[in-house]
Every structure is written in structure tokens, then in C-alpha cells.
Asker: 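Please see the structure below; I have some questions.
Protein chains get the first letters and strands the later ones, always in sequence-line order, with residue 1 at the start of each.
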Protein chains: 2
Amino acid sequence: MAIECSCDECELKELFFQNISASEMESLCQSRVEQNYDKGDYIIEQGKPVEEFIYLKRGLVKLFITNANDKEQILSFAKPFDFVSLLSILSKKHHSYSVMAIEDSTTCNISIRDVKRIIRENGKFAMSILEKMSMVSDNVIDESLAIRRRNLRGRVAYVLLHFYRDIYKTEAFELPVSRKEIAEYIGMTTENVIRALTEFRKDGIIKIFGKVIEIIDEHKLQQISEHG
Amino acid sequence: MAIECSCDECELKELFFQNISASEMESLCQSRVEQNYDKGDYIIEQGKPVEEFIYLKRGLVKLFITNANDKEQILSFAKPFDFVSLLSILSKKHHSYSVMAIEDSTTCNISIRDVKRIIRENGKFAMSILEKMSMVSDNVIDESLAIRRRNLRGRVAYVLLHFYRDIYKTEAFELPVSRKEIAEYIGMTTENVIRALTEFRKDGIIKIFGKVIEIIDEHKLQQISEHG
DNA sequence: ATCAGTTTATGATATATATCAGTTGACCCG
DNA sequence: CGGGTCAACTGATATATATCATAAACTGAT
């Protein structure tokens with residue numbers, strides 16, 4: 001008797017659910033829930049109990065923490081196939097970070113208990129999760145160091161290149177974030193992010209149409225990203 | 001026939017090698033190598049292949065990356081039972097970071113292949129590794145955010161409190177790092193770290209005898225750490 | 001004991017970034 | 001239609017931090 005499970009066709013199966021048996025897959029498939037979010041919706045709220053293992057199928061999200069003065073610090077932007085809830089869910093009872101959709105998004109949610117059970121029962125699956133997790137954490141840390149060693153212009157250039165190369169891959173794209181959010185990500189003020197963008201525009205490196213940015217001189221932007 | 005293995009008495013067994021069978025333990029015990037390092041020795045060199053799973057039994061180390069201009073950025077300081085090589089060893093072929101002993105240190109090294117084998121064969125062990133790993137990465141990320149949201153004085157205060165509370169637990173202790181290394185950790189210049197320390201001394205918050213720091217007013221230091 | 005190199009320290013100045021104040025334009029709501 | 005809010009933007013000024021120069025104390029090697 002063949003088992004019907006839409007997960008079989010899911011791209012995430014390749015990436016993530018390797019080394020998993022048909023019956024384990026079926027069990028996950030039964031319990032998983034797909035969830036849609038509009039831009040601006042919270043997917044995870046800081047402080048809430050960790051109940052589900054969540055990953056992103058579609059859209060774009062930001063991970064951030066809200067500090068004592070209600071200011072946000074953005075940790076990273078994640079696109080599909082980045083495992084957004086992977087960072088702390090295995091060691092903490094409550095979420096350390098919030099996750100918000102910055103574009104309309106779809107997640108696939110699995111009970112954290114089920115995932116933990118399969119990890120315990122299936123070492124190969126555990127190994128592949130460990131590898132992925134290791135990669136995600138590394139990326140967040142690398143990004144943070146990359147930002148830290150740059151000055152204002154370098155940081156803004158870095159962010160633009162990130163959206164251009166890693167996410168949209170087209171010279172003209174609509175920024176999914178406000179200038180304020182860029183500032184919260186790179187740890188500078190909104191005004192200075194705007195000033196840097198204006199400078200790039202005046203120098204003919206980019207064009208700006210509101211939220212739409214067009215990369216004119218990628219090479220120059222790369223130089224600024226490296227040397228400020 | 002009882003198995004002789006000094007690992008049975010190792011404190012790390014409790015923390016780390018939970019859920020491991022006697023035969024697995026014996027196999028690890030056979031292949032493990034203990035290594036001593038003097039202050040200043042490299043334990044791991046950035047770019048070298050990942051061959052061993054390393055953790056710290058004794059001493060104190062710094063994790064850092066060396067950037068294009070040969071400047072060091074210190075990621076974190078790790079004390080025994082922090083799993084120093086855990087961050088990227090499972091996903092990368094080469095070390096992303098260097099690790100150096102900043103006090104005389106002892107590590108216990110296990111072939112990465114053996115660890116991976118046991119992860120695959122023993123899901124419970126895998127689960128406990130995942131939890132630890134999750135915690136270590138989280139700490140690095142949290143620290144980085146904690147530093148980022150502080151100003152110079154707050155950052156220096158934060159570091160002093162870190163050494164005082166998490167490592168030495170005694171009012172007077174010898175800093176295991178130079179002012180330059182503190183600067184590399186908190187992302188400020190050496191001169192400004194020194195200036196902040198001098199200010200604290202003049203305000204009667206600490207005493208300075210070369211590398212020895214004595215915490216006089218922890219409460220005040222805490223306030224500075226929080227509010228700059 | 002001496003020399004070279006490094007760490008700690010301090011002051012003067014330059015520079016980068018934050019803060020504050022205010023303008024404009026888009027969008028939403030009554 | 002008017003009023004309110006918010007994001008994007010700009011300029012003036014304040015502040016924090018970096019840079020540069022210098023010197024004393026210390027460290028290691030010969």
C-alpha cells in the first residue's frame with residue numbers, strides 16, 4: 001500500500017529530511033502544519049515557549065531581539081531553506097528571538113517533540129540536522145563579524161550586495177525592509193543609512209526609487225563593502 | 001571483566017558523554033588524546049583541516065579570526081567545559097576560527113570521525129550534543145549582541161564583570177588578556193580601553209595593579225555595563 | 001646590564017557617527 | 001476634503017571614538 005504524503009515532493013525533503021525512513025516521514029507528514037503569514041506578521045515571539053520546529057518554505061523573514069528600551073536589533077534575514085527556528089530551540093524552553101515575516105511567507109511547522117524523537121531514534125537524521133544547525137549558527141556569527149569590521153558605508157554596501165546577490169539576483173529589486181530596519185541590522189542610525197544611500201546615488205553607484213534599488217556599479221559597491 | 005578507562009572519572013563525562021554505552025565509551029577512551037598547551041600556543045589554526053573534536057579540560061582560551069589586515073577579532077573566551085571546537089566542526093572541512101591558549105591549558109581530543117560515528121549510531125548522544133551545541137552558539141551570538149548595544153564604558157564594564165563573575169569569582173584577579181585583546185574582543189581601540197579602565201580607577205570602581213584588577217564597586221560597574 | 005620590542009598610559013587632534021530639528025510626500029482614516 | 005501619522009530625507013551641531021604622537025614601565029633575549 002503506497003503512502004500518500006505531499007512531503008515527498010517538498011524540496012525541503014532533499015535538503016533536510018535525508019536519512020529518514022518512510023514511516024518516520026509519514027508520521028512527520030501527518031503532524032506537520034503549514035502556515036501562511038502576511039508581511040508584518042509575527043511568526044515567533046520572543047519569550048514564548050518553544051513548541052514547534054519551524055522552517056520557511058516561501059517568503060522572507062527577519063530574526064530580531066527587542067531590548068530593554070524597546071529597540072530592535074536585527075540578527076539576520078532568512079530566506080527559504082534557512083532553518084529559521086533552528087538556533088536555540090533545542091536548548092531553550094523559550095524563544096530568545098522574534099521572527100517576523102517581511103514578505104508574505106509560508107512556514108512548515110512540526111512539533112518539536114516529534115523532531116526530538118526522531119533525532120533520538122535516528123542518528124543519521126541527527127547528524128544531518130547537526131550539520132545544518134552548525135551551518136546556520138556559523139552564518140549568523142560570520143555575518144555579525146563581517147558587519148562589525150566595516151564602517152557605515154561598508155555596512156550599507158554589504159547589505160545591498162547581500163540582497164542583490166543572495167536574495168533577489170536582479171539589478172533592480174524592491175528592498176523588503178525600511179531604512180530603519182537596515183539601521184537596526186547594521187547597528188547604525190536610520191539617518192546615517194539614508195545618508196550613505198544618498199551618497200551612493202550621487203556617486204552613480206545605485207539608483208533609488210523609493211524602496212526600489214537598482215545596482216549600477218556592483219564593482220564599486222564591492223570595493224566600498226571591502227574598504228569603506 | 002571491568003573496563004579500565006580514566007574517562008569514567010572525568011567531569012566531562014557527566015556533562016557531555018551522557019547516554020553513551022560502555023563499549024562506545026571504551027572506544028572513545030582508547031582513541032582520545034590529551035594535549036597540554038602553554039599560554040600563547042595555538043590549539044586550532046584558522047584554515048587548517050578539521051580532524052579532531054576538541055574540548056577544554058583546564059585553562060582558558062580565546063577564539064578569534066584573523067582578518068585581511070592581519071587584525072584579530074576575538075569571538076569569545078572559553079573556559080573548561082565550553083566546547084571550544086564545537087561551532088563549525090560539523091559543517092566545515094576547515095576551521096573558520098583560531099583558538100589560542102591564554103592560560104596554560106589542557107584539551108582532550110577525539111577524532112572527529114569517531115564522534116560522528118557515535119552520533120550516527122546513538123541518537124540520544126546526538127540529542128545531547130545538539131543541545132550543547134545549540135547552547136554554545138547561542139552564547140556566542142548573545143554575547144555579540146550584548147557587546148554591540150553598549151558604548152565603550154559599558155563594553156569594558158561588561159568584560160570586567162564577565163571575568164569576575166563567570167571565570168575568576170574573586171574580587172582581585174589577574175586579567176588573562178592584554179588591553180589590546182580586550183579591545184579586539186569588544187571592537188574598540190586599545191587606547192580607549194585603557195582610558196575607560198583609567199576612568200573606572202579614578203572613580204574608585206576598580207583598582208589596577210598592572211594586569212591585576214580588583215573590583216571595588218560591583219554595583220556601579222553593573223550600572224555602567226547596563227547604561228553606559 | 002643592555003638593547004629591542006611590547007604593553008600600558010596620556011594628551012592633542014581628527015573623524016565618524018549620533019542627535020536634534022525640521023521638511024516633504026505618501027498613505028490612511030474620519 | 002482635511003488632519004494625522006509615518007518613512008524618507010537634509011542640515012547643523014554634539015558627542016564618541018579613532019588616530020597620531022610620545023613616553024614610561026615592563027619583558028625577553030643576549
Asker: Indicate yes or no: at least one non-hydrogen side-chain atom of A/Q46 is less than 4.5 angstrom from one of A/S96.
Answerer: no
Asker: Which nucleotide, if any, forms a Watson-Crick or G-U wobble pair with D/dT30, using both distances under 3.5 Å?
Answerer: C/dA1
Asker: Would you say the base of D/dC20 and the side-chain of B/E191 have a donor-acceptor pair closer than 3.5 Å?
Answerer: yes
Asker: Provide, to the nearest angstrom, the distance between the CD1 atom belonging to B/I208 and the P atom belonging to D/dC26.
Answerer: 14 Å
Asker: Nearest-Å distance, CD1 (A/I206) to P (D/dA8)?
Answerer: 13 Å
Asker: Does a side-chain N or O of A/R179 approach OP1 or OP2 of D/dA7 to a distance below 4.0 Å, or not?
Answerer: no
Asker: Measuring to OP1 and OP2 of D/dA8, would you say a side-chain N or O of A/K211 lies under 4.0 angstrom away?
Answerer: yes
Asker: Within this structure, what is the CE-to-P distance between A/M188 and C/dA18, rounded to whole angstrom?
Answerer: 5 Å
Asker: Scan B/R201 against the nucleic acid and name what it touches under 4.0 Å (heavy atoms): base, sugar-phosphate only, or nothing.
Answerer: sugar-phosphate
Asker: In whole Å, what is the span from the NZ atom of B/K180 to the C1' atom of C/dT6?
Answerer: 9 Å
Asker: Would you kindly give the CZ-to-P distance between B/R150 and D/dT17, to the nearest whole Å?
Answerer: 14 Å
Asker: Round to a whole Å and report the spacing from CD of B/E199 to P of C/dT10.
Answerer: 11 Å
Asker: Identify whether any heavy atom of B/T198 sits under 4.0 Å from a base atom; if not, whether one sits that close to sugar-phosphate; answer base, sugar-phosphate or nothing.
Answerer: sugar-phosphate
Asker: Please name the pair of heavy atoms, one in B/F64 and one in B/I74, separated by the smallest distance, quoted to 0.1 Å.
Answerer: CB-CA, 3.8 Å
Asker: Check the pair B/R165, B/E218 against salt bridge (Lys or Arg N to Asp or Glu O under 4.0 Å), reporting the backbone distance first and the verdict last.
Answerer: CA-CA 10 Å; B/R165 290 176 178 165; B/E218 180 183 358; 2.9 Å; yes
Asker: Please state how far atom NZ in B/K39 lies from atom C1' in D/dG28, giving the value in whole angstrom units.
Answerer: 14 Å
Asker: Assign B/S178 to base, sugar-phosphate, or nothing according to its heavy-atom contacts below 4.0 angstrom with the strands shown.
Answerer: sugar-phosphate
Asker: Ignoring backbone atoms, establish whether B/N192 has a side-chain N or O less than 4.0 Å from OP1 or OP2 of D/dA18.
Answerer: yes
Asker: With side chains defined as the heavy atoms from C-beta onward, is the minimum distance between A/L56 and A/S105 less than 4.5 Å?
Answerer: yes
Asker: Measuring from B/E72:CD to B/K180:NZ, what's the distance to the nearest 0.5 Å?
Answerer: 6.0 Å
Asker: Tell me the interatomic distance from B/F209, atom CZ, to D/dA25, atom P, rounded to whole angstroms.
Answerer: 18 Å
Asker: Which part of the nucleic acid does B/I194 contact within heavy-atom distance under 4.0 Å: base, sugar-phosphate only, or nothing?
Answerer: base
Asker: Regarding D/dT19, can its base be found pairing with the side chain of B/R195 as donor and acceptor, where the two atoms are less than 3.5 Å apart?
Answerer: yes
